[in-house]
Q: 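The structure under discussion is supplied below as structure tokens; questions concerning it will follow.
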Amino acid sequence: MTLVYQSTRDENNKVTASQAILQGLATDGGLFTPLTIPQVNLDFDLLKNASYQEVAKLVLSAFLDDFTEEELDYCINNAYDTKFDTTAIAPLVKLGNQYNLELFHGSTIAFKDMALSILPYLLTTSAKKQGVDNKIVILTATSGDTGKAAMAGFADVPGTEIIVFYPKDGVSKIQELQMTTQTGDNTHVIAIDGNFDDAQTDVKRMFNDEDLRARLLEKKTQFSSANSMNIGRLVPQVVYYVYAYAQMVKAGHIKNGDKVNFTVPTGNFGNILAAYYAKQIGVPVNKLICASNENNVLTDFFATGTYDKKRDFKVTTSPSMDILVSSNLERLIFHLLGNSAASTKELMENLSTKGQYTLVDANQDILALFAAGFASEEETAAEIKRVYDECQYIEDPHTAVASAVYQVYAEKSGDQTPTVIASTASPYKFPRVTVAAVTGQDSDDDFKAVEELRKLSGVAIPVAVDGLETAEVRHKTVVATADMQKAVETYLGLV
Ligand SMILES: *Cc1c(COP(=O)(O)O)cnc(C)c1O
């Protein structure tokens with residue numbers, strides 16, 4: 001039997017995994033979501049000795065069940081190779097009472113690499129399976145990390161073009177340079193004078209613009225998405241939660257069957273939703289702890305049942321979480337409402353017309369799985385310092401948000417369940433913020449801070465940052481939010 005992916009907004013819009021990956025977003029504005037949970041045999045006494053690639057094969061074959069074994073092998077073996085600087089792919093580090101799962105060993109040193117190194121293979125394989133020979137244009141809004149990781153994956157992939165929008169003043173210097181120095185003839189990077197939500201909203205709008213879609217088809221071109229709205233992003237993220245649990249068993253931190261908590265620094269709700277699916281397929285989970293920065297719309301949502309985006313957008317030191325409209329929450333809402341597309345659609349319409357919605361009659365068993373909290377800017381910096389002082393280890397600001405939220409949660413709840421922190425970026429992506437948090441000294445130069453960070457942490461400077469200072473800036477376009485479509489049409493030769 002083939003797993004059905006259905007749009008969260010239309011019960012008649014049902015597709016297979018490869019169709020969902022190819023389309024990216026449902027044209028009705030919803031997100032393709034698995035209607036049932038696939039059966040996976042998770043035997044951790046065996047899995048504790050499995051490689052990352054083997055765990056990936058197990059999980060992907062369950063969720064992407066219209067792919068053949070050969071197709072999955074091809075995708076997995078090309079994705080999780082020496083682009084990662086450790087054969088463990090996602091190592092687990094014990095730091096006091098928490099376990100940090102390092103998801104930043106890929107080519108752009110953020111967790112987005114975990115999924116974006118495989119997405120180009122999943123997408124081109126899906127196109128082949130569906131007999132589609134249109135050029136695939138990846139249209140992406142980024143809060144800093146997706147853009148670079150997607151371009152690294154798609155650069156010079158035949159039959160694809162990638163266009164990335166990022167908020168001009170909403171990313172770190174290193175993040176910006178990583179993007180603007182990107183090579184590859186099929187890559188385009190555009191800064192906009194708005195924030196991430198502005199970029200994401202307009203990208204979604206372009207996806208659903210029928211006129212634009214028709215004009216693209218005339219040129220044998222179609223859009224797809226590299227954002228976590230694409231299940232081709234989401235499913236590969238389930239893998240590392242299964243792998244983390246196996247590593248916890250292997251290291252003797254827990255016995256097979258013991259529960260763990262996962263604390264996830266959350267923006268668009270993709271990473272933590274993957275943890276939810278990991279629990280659904282059988283990873284023993286006690287709590288999923290949703291950690292936010294000062295853009296704490298999700299903390300309030302879990303506390304009150306009301307999602308209210310009508311608030312000031314804050315630019316923080318954890319920019320990849322500066323988001324007020326968490327796209328993937330729509331999938332959890334769908335599950336909370338008993339997989340009802342009609343009810344989900346109504347709430348999402350309230351969000352766009354009234355700026356808020358309130359959950360009623362939600363599945364309490366699912367809600368009870370989640371805990372939520374947020375860390376202020378001061379608390380985040382203090383957490384970086386605490387972990388450094390106690391463990392001589394430097395967390396990036398996103399990871400520190402999660403770590404700070406977990407420490408408060410553990411203290412308040414008394415919950416002693418072993419807890420894995422999803423560590424989503426290398427501190428080298430945010431050298432000034434991390435060095436300032438540890439030393440109390442602000443440095444005026446990112447690359448001086450990189451050197452300082454190397455001395456403090458003893459961790460070698462990653463290839464992703466080395467050489468960035470002198471690399472050629474190839475992308476310099478800045479447009480108003482209102483002109484995003486014009487820029488797309490120009491690149492694609494529609495005007
Ligand atoms: C994207 C990102 C996040 C947020 O992940 P979501 O899946 O959007 O919730 C957290 N930390 C870093 C470093 C990121 O790049």
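Just so you know, ligand 1 is whichever comes first in the structure, and atom 1 is the first atom listed for that ligand. Numbering starts at 1 and runs along the sequence shown.
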Q: Under 3.5 Å, is there a donor-acceptor pair between the D202 and T481 side chains?
A: no

Q: Among pairs that include at least one residue of residues 99-122, which meet salt bridge (Lys or Arg N to Asp or Glu O under 4.0 Å), considering only residues two or more places apart or in two chains?
A: none

Q: For residues 78-100, which residue pairs qualify under salt bridge (Lys or Arg N to Asp or Glu O under 4.0 Å), counting only residues two or more places apart or in two chains?
A: D81-K83

Q: Would you check if there is a donor-acceptor pair between the side chains of Y241 and N271 at a distance under 3.5 Å?
A: yes

Q: Does ligand 1 have any N/O pairs with the protein under 3.5 Å, and how far apart?
A:
| from | atom 1 | to | atom 2 | distance (Å) |
| --- | --- | --- | --- | --- |
| ligand 1 | 7 (O) | G270 | N | 3.2 |
| ligand 1 | 7 (O) | N271 | N | 2.9 |
| ligand 1 | 8 (O) | N268 | N | 2.7 |
| ligand 1 | 9 (O) | G267 | N | 2.7 |
| ligand 1 | 9 (O) | N268 | N | 3.2 |
| ligand 1 | 9 (O) | F269 | N | 3.1 |
| ligand 1 | 11 (N) | T424 | OG1 | 2.8 |
| ligand 1 | 15 (O) | K112 | NZ | 2.6 |
| ligand 1 | 15 (O) | D145 | OD2 | 2.4 |

Q: With sequence neighbours left out, write down each residue that passes side-chain hydrogen bond (donor to acceptor under 3.5 Å, both in side chains) with T358, or none if nothing qualifies.
A: T306

Q: Determine whether the side chains of Q98 and S403 contain a donor N or O and an acceptor N or O closer than 3.5 Å.
A: yes

